[in-house]
Structures are given as C-alpha cells and as structure tokens.
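One structure below.
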Amino acid sequence: MSQSNLAAVRGMNDVLPAAIGAWQHLERNARELFAAYGFEELRVPLVEQTTLFKRSIGEFTDIVEKEMFTFTEADGESLTLRPEATAGIARAAITNGLLRGARLKLWTSGPMFRHERPQHGRYRQFYQIDVEALGFAGPDIDIELIAMTARLWRLLGISRVQLKLNSLGTPESRRVYREKLVEYFTQHAAALDADSQRRLSGNPLRILDSKHPAMQAVIGGAPLLSAYLDAESREHFDALCATLTAMGIDYVVDPRLVRGLDYYSRTVFEWVTDALGSQNAICSGGRYDGLISQLGGEATPAIGFAMGVERVVELLQQTGQAFSRPSPDVYVLASGERAMRAGLALVERLRDELPAVVFEMNQGGGNFKAQFRRADRSGARLALILGENELERGAAALKPLRLDAAQAECTLAELPARIPAILDTL
RNA sequence: GUGGACGUAGCUCAGCUGGUAGAGUCCCGGAUUGUGAUUCCGGCUGUCGCGGGUUCGAGUCCCGUCGUCCACCCCA
C-alpha cells in the first residue's frame, strides 16, 4: 500500500470485481428462492433512532453496550447505524400500518454496522440477507424458514453446515430458569472467568455458550433451559423437531444455544460451519413474538433470520465453483482510427440485429498483436477483425479463437447471418 | 475490549549477525512494420505500512501508531 494516508476505514472492505460474481450468485439465488416461497422485498434505512435498537435488541446486550456506531444530530437526536435488520423492519411494519392482523413475508439485504474488533469473517460493515415473517405463530412457519435455508445451501452447493436448534420458551418461563441459573452460577462463581462473572448480573444465559475451556465443566453441570419450558413452548418445539425429522432435515438440539439479542423467544436456530474458523455462524435467527407489541405495535408473533453474506460467499468460493464474468462471444478488433470508428457503429448495428450475441469491442487501441492477446484473454470464441484493407472492400474477417480453424472473410452485409452460423460450429 | 503473530514492487515472496533493495509473476514493447500459446530479448513500477529513536549508517535493532491475521470476546 503506497498511500498509507489513504485507507479504507478499519473493518470496512471493498468487494472487488474478482469476488462480485460469487456475491451476485448468492444474491440471485436468494432472491429467486424467497420469491418462490412468497416473500417480498422491502428496503429500510441504514440509520434509525438509537432508542429503537436499545428497546429491541436490549440495553444489556454487547451490541447495544459497546458495538453500535452512534452519532448525535445537531438538534441533539441520537442516531445509530443499524447493527441488524429486524428492529428496522419491525419499526417499518408498525409505522407504515402494515400490520392490522396481516401476515407479512418480507426480506431485505444490505450492510450492517457493528464496532467490533475485525477478524476474518467479522467486519465493522458487513452484509446480511434478512428474512422476516410477521403475523405467524408457528411452528409451521418456523419449519418453512428452516427448510428454505436448507434448500438455499443445496442450491449453492454448500455442504459443510450443521443446523442447531433450541427453544428459549416464553419470557415467563425464561425468567424462572434465569433465577435457577443465577443461583447455580453464584454457587460456582469461583470457577467463572471475568467475562462470565460480569454477565452473571446482566445476561446470565450468555455464560452458557462461553468457549472458555476451563469453564466447560461448570457449564456442563448447569441446569438446562429445556427443563423449565412452559407447556406451550414445549409443544411448539416438539412439533418443530418432529416435522424436521419427518422432512429429512438434519439438526442437533443444542440446549445451550441462547443467542445474543433480548427479543428472541421460543424457537432459535443457527446454521454453523467448521470451514470458517471461529466466526462459524452463517445464518441464524429465531422467534420474536413479543417484540412488535413491545415497540408499540399490535401484538404480532414473528420469526426471522439473518445470513452473513461474506461468510456464505466464502463457503461458496470454497466449493471451487467459478463465478467469473462470462466471456463475450465475439471480440472485435480494429486497426487504426478509421476502422475503430467504423467498428463502433458496426458493432452497435450488430448488437441491434443479434441481441443474443455478446460483443466486446477492443478499446484503447493497440496493434494487432496486443488486440489479439486481449481477444484471447477475453475468452471469446470468435474474433471479428476490422482491418483497413478489408474495410476498403466493405469486408471483415472472422477468426475462431478456441480451435484451429481457418480465418474467413465476408462482406459487412453478411455478418449478421455469418456470425451466428459460425458460432454454432464452435 | 484482551492476548499473540505479521506488514518489502499490482500479486507471491527472498533479503544471514545493521552497510541506503532483489527474484518470479503481471503488464508494455520487440524478434513476427496486420494475427492470440510457447520461446528469446528489452522495459516499467518500491517514501521496505506510517512516525520517532539508537547508530557514521536502519528493510534489518528499540518505542509508538495504523492495518491484517489467529485465539478470546461477540455474532451474521
């Protein structure tokens, strides 16, 4: 990097043309799949009032406590770059009057912002594809969302993934469990690391998915949330599991999967992979039955998930599939300025007459050697050569580039017929 | 936010215990003054991440800083 004073902001990356094919492949597959399942796209702002995220994600979560990009407007209003999409979508549904008992199947995508220490697969500006179903109590919609993501992995050829499931129950049953958990961990406080001791008062459930090796024994002995589930949540979760099994969708129940956002209730799930290092969650979500009423909308059960685009793109790249820019069919060479100008007009006419054929016109001059080299590298099957001599006679030359075949000459008027005919033989 | 490793041409990297930088590749030109592989010949690009210090002299040692990577943490 020769200009160190000119740098991208830490944790915010450029997606270069070499990678964009994989991004578009994922985006196209997701868009078509969601449409097939009856989901509609919406787009919401990147910026919301800070209070929206505090109220929805939770005051005592890591995201709100230390990871938000927040700034103050001239009038004193506090605004925040969205750290996730669900809050904004819930807000949009309420403020646009979309609810009224309606059932909404929505998706969106775009950048999210969290002020974390960057790591492979974890960035300060990162992209999510986000799906939300509002007005559905489940568990049928839970199953459909999970089946849809499983189908997406199949479409993309991604196989190193595993589905983890849990139920967090209702807020009431979780409160009971939380008390038991605090009681247990308080008795074993000496065995907790500093992070976990801090969480004991704020967010004790988060202690459960600590990776600290020395704490695995204490965590293993902790009471399980599943023992405190209320009857309805139990029934909901059992139905979910039974149907997934019947559908042949593999999963593991992870009783210690708790998720980091306060608004989750009942079903939570997470697709993880062992191919990306420690940032191993590629898609996760859950029910948030209480969120919309908590924000002031009419009580609406809901479920959603978010997919980490950079992470899924990397899995896609690991499959070895090629997503390069498609090669043109015909690369057009021209010698000299007159031929170049005539060529530009000619190629526009050919594009009109042969809309299915992709032409790439040589740009930037160069002798024939250089132009043929570019033609070769473009991957085109056929070169259309516009030379001064041929143009004098109203003719042009066509040369196959991918196999050993003779170069042929024809009149300009014959080109619209000859080009597709030759391409068919290549 | 905590701990650790790393940072030399566009890319991949070499540079021993300090003596002001090199290879391959890429790109461009020529051999072939109008024809893409290969080969051969020639050419271009570096504030050695940045700033400061030690030294006669720093890519090399020290400090700071920025960035990347790994683990924790967090999570998509």
Side-chain angles (χ1 to χ4, degrees), chain A residues 1-13 16 18 57 61-67 83-86 109 111-131 149 193-196 198-199 203 206-207 209-215 257-261 270-273 276-285 304-315 331 333-336 339 362 364 366-383 385-391 397-404 406-407:
Chain A
M1 203 180 300
S2 55
Q3 304 244 18
S4 64
N5 56 334
L6 184 67
V9 174
R10 181 170 163 82
M12 303 199 179
N13 301 110
L16 300 178
I57 298 168
T61 57
D62 284 1
I63 291 175
V64 169
E65 279 184 339
K66 50 196 186 195
E67 294 175 3
E84 56 100 52
T86 303
S109 69
M112 309 295 160
F113 302 86
R114 292 184 199 171
H115 194 108
E116 297 182 274
R117 180 130 154 194
Q119 207 174 311
H120 189 63
R122 184 173 78 182
Y123 308 106
R124 290 185 174 179
Q125 175 174 329
F126 60 101
Y127 290 76
Q128 287 188 338
I129 293 174
D130 197 89
V131 175
T149 52
D193 63 0
D195 281 317
S196 296
R198 182 175 49 77
R199 289 197 201 104
N203 206 341
R206 305 273 327 140
I207 298 174
D209 55 12
S210 169
K211 290 178 194 165
H212 198 110
M215 286 177 36
L257 177 67
V258 293
R259 320 280 315 121
L261 287 65
E270 185 166 283
W271 288 94
V272 296
T273 177
L276 294 180
S278 61
Q279 307 308 319
N280 63 353
I282 60 164
C283 173
S284 59
F305 68 79
M307 191 183 305
V309 174
E310 288 88 346
R311 295 178 186 181
V312 175
V313 163
E314 176 149 354
L315 290 182
Y331 193 95
L333 297 75
S335 98
N362 181 72
N367 56 27
F368 266 111
K369 184 184 176 66
Q371 294 196 39
F372 266 97
R373 193 160 50 224
R374 292 177 199 144
D376 187 42
R377 286 176 193 161
S378 77
R381 285 177 292 158
L382 187 64
I385 303 150
L386 306 172
E388 303 275 345
N389 302 341
E390 288 89 337
L391 282 177
L398 290 166
K399 178 176 181 180
L401 293 170
R402 301 294 140 204
L403 46 80
D404 215 7
Q407 178 170 326

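The chains referred to below are lettered A, B, ... by the order of the sequence lines, with proteins before strands, and numbering in each begins at 1.
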Take atom CZ of Arg374(A) and atom C1' of G29(B), then tell me their distance rounded to the nearest Å.
13 Å
Below 4.0 Å: OP1/OP2 of G30(B) and any side-chain N or O of Asn367(A):
yes
I'd like the P distance from G22(B) over to C16(B), given in whole Å.
14 Å
Rounding to the closest angstrom, what is the interatomic distance between A58(B) and G53(B) at atom P?
11 Å
Residue set satisfying salt bridge (charged side-chain N to carboxylate O under 4.0 Å, His left out) with Arg377(A), at least two apart, ordered chain then number -> none
Starting at NE2 of His115(A) and ending at P of U2(B), how long is that distance when rounded to a whole Å?
11 Å
Roughly, in whole Å, what's the span from CD in Glu65(A) to P in C73(B)?
17 Å
Base U35(B) to side chain Gln407(A), donor-acceptor N/O within 3.5 Å cut-off
yes
Value in whole Å for how far the P atom of C72(B) lies from CZ of Arg122(A)
10 Å
With the side chain counted from C-beta on, respond yes when Arg114(A) and Asp62(A) share a heavy-atom pair under 4.5 Å apart, and no when they do not.
no
Could you tell me how far apart Met215(A) (CE) and C72(B) (C1') are, to the nearest whole angstrom?
12 Å
Options A76(B), C69(B), G36(B), nucleotide nearest the side-chain atoms of Arg402(A)
G36(B)
Quick one: label Gly285(A) by what it contacts on the DNA or RNA (base, sugar-phosphate, nothing), any heavy atom closer than 4.0 Å.
nothing
At under 4.0 Å between heavy atoms, what does Arg373(A) touch on the DNA or RNA strands: base, sugar-phosphate, or nothing?
sugar-phosphate
Distance-only polar pair, side chains of Ser278(A) and Gln119(A), donor-acceptor under 3.5 Å:
yes
Measuring only the P atom in each nucleotide, how far is G59(B) from G19(B)? A whole number of Å is fine.
10 Å
Rounded to whole angstroms, how far apart are CZ on Arg377(A) and C1' on A37(B)?
11 Å
From C-beta outward on Pro118(A), which listed nucleotide comes closest to its side chain: A76(B), U68(B), C72(B)?
U68(B)
Residue matched to G64(B) through Watson-Crick or wobble contacts both under 3.5 angstrom
C50(B)
What is the base-pairing partner of A14(B), counting Watson-Crick and G-U wobble geometry with both distances under 3.5 Å?
none
If only side-chain N and O atoms of Ser278(A) are considered, is one of them under 4.0 Å from the OP1 or OP2 phosphate oxygen of C72(B)?
yes
For residues Arg122(A) and Arg311(A), determine if any side-chain heavy atom of one lies less than 4.5 Å from a side-chain heavy atom of the other.
yes
Under a 3.5 Å cut-off for both contacts, is A37(B) paired Watson-Crick or G-U wobble with anything, and if yes, with which nucleotide?
none
Report the nucleotide, chosen from G3(B), C27(B), G34(B), that has the shortest atom-to-atom distance to any side-chain atom of Arg117(A).
G3(B)
Classify Gln371(A) by what it touches in the nucleic acid, base, sugar-phosphate, or nothing, heavy-atom distance under 4.0 Å.
nothing
Could you tell me which non-hydrogen atom of Phe126(A) sits nearest to which non-hydrogen atom of Pro83(A), and how far apart they are?
CZ-O, 4.0 Å
Let's see if you can work this out: which of G29(B), C73(B), A76(B) has an atom nearest to the side-chain heavy atoms of Glu116(A)?
A76(B)
Round to the nearest Å and state the distance from Phe305(A) atom CZ to A76(B) atom C1'.
12 Å
With sugar-phosphate meaning primed atoms plus P, OP1 and OP2, does Lys66(A) contact a base, only sugar-phosphate, or nothing at under 4.0 Å between heavy atoms?
nothing
Any strand, both distances under 3.5 Å, Watson-Crick or G-U wobble: C27(B) pairs with G43(B)
Partner nucleotide, any strand, of A71(B) [Watson-Crick/G-U, under 3.5 Å]:
U2(B)
Taking the P atom of each, how far is G57(B) from G43(B), in whole Å?
35 Å
Does Lys399(A) make a cation-pi contact with Phe372(A) (under 6.0 Å, within 45 degrees of the axis)?
yes
By nearest atom, which of the nucleotides C70(B), C27(B), U35(B) is closest to the Gln119(A) side chain?
C70(B)
Base, sugar-phosphate, or nothing: which does Ala306(A) touch, judged by heavy atoms less than 4.0 Å apart?
sugar-phosphate
Does Gln128(A) reach the side chain of Ser109(A), with side-chain heavy atoms less than 4.5 Å apart?
no
In whole Å, what separates the P atom of G51(B) from that of U8(B)?
16 Å
Mapping Asn389(A) and Ala370(A) onto RNA chain B by nearest heavy atom, which one lands closer to the 5' end?
Ala370(A)
With a 4.0 Å cut-off on heavy atoms, is Gly336(A) in touch with a base, just the backbone sugar-phosphate, or nothing at all?
nothing
With hydrogens left out and only the distance checked, is there a donor-acceptor pair under 3.5 Å joining Lys369(A)'s side chain and the base of U35(B)?
no
With P as the reference atom in both, quote the distance from C44(B) to G29(B) in angstrom, rounded to an integer.
15 Å
From A71(B), C69(B), U35(B), pick the nucleotide closest to the side chain of Tyr123(A)?
C69(B)
Gap between atoms CG and P, on Asn13(A) and G67(B) respectively (whole Å):
12 Å
Does Ser284(A) have a side-chain nitrogen or oxygen under 4.0 Å from the phosphate oxygens OP1 or OP2 of A76(B)?
yes
Base partner of A9(B), which must satisfy Watson-Crick or wobble distances under 3.5 Å
none
Does either side chain, that of Trp271(A) or that of Ser284(A), offer a donor lying less than 3.5 Å from an acceptor on the other one?
no
Short side-chain N/O contact from Arg10(A) to OP1 or OP2 of G67(B), under 4.0 Å
yes
Comparing Asp376(A) and Gly366(A) on RNA chain B - which has the more 5′ nearest nucleotide
Gly366(A)
Using the P atom in both, what is the distance from C48(B) to A21(B), to the nearest Å?
11 Å
Say we look at C66(B) and G10(B): how far apart would their P atoms be, to the nearest angstrom?
24 Å
Do Tyr127(A) and Glu310(A) come close enough that some side-chain heavy atom pair is under 4.5 Å?
yes
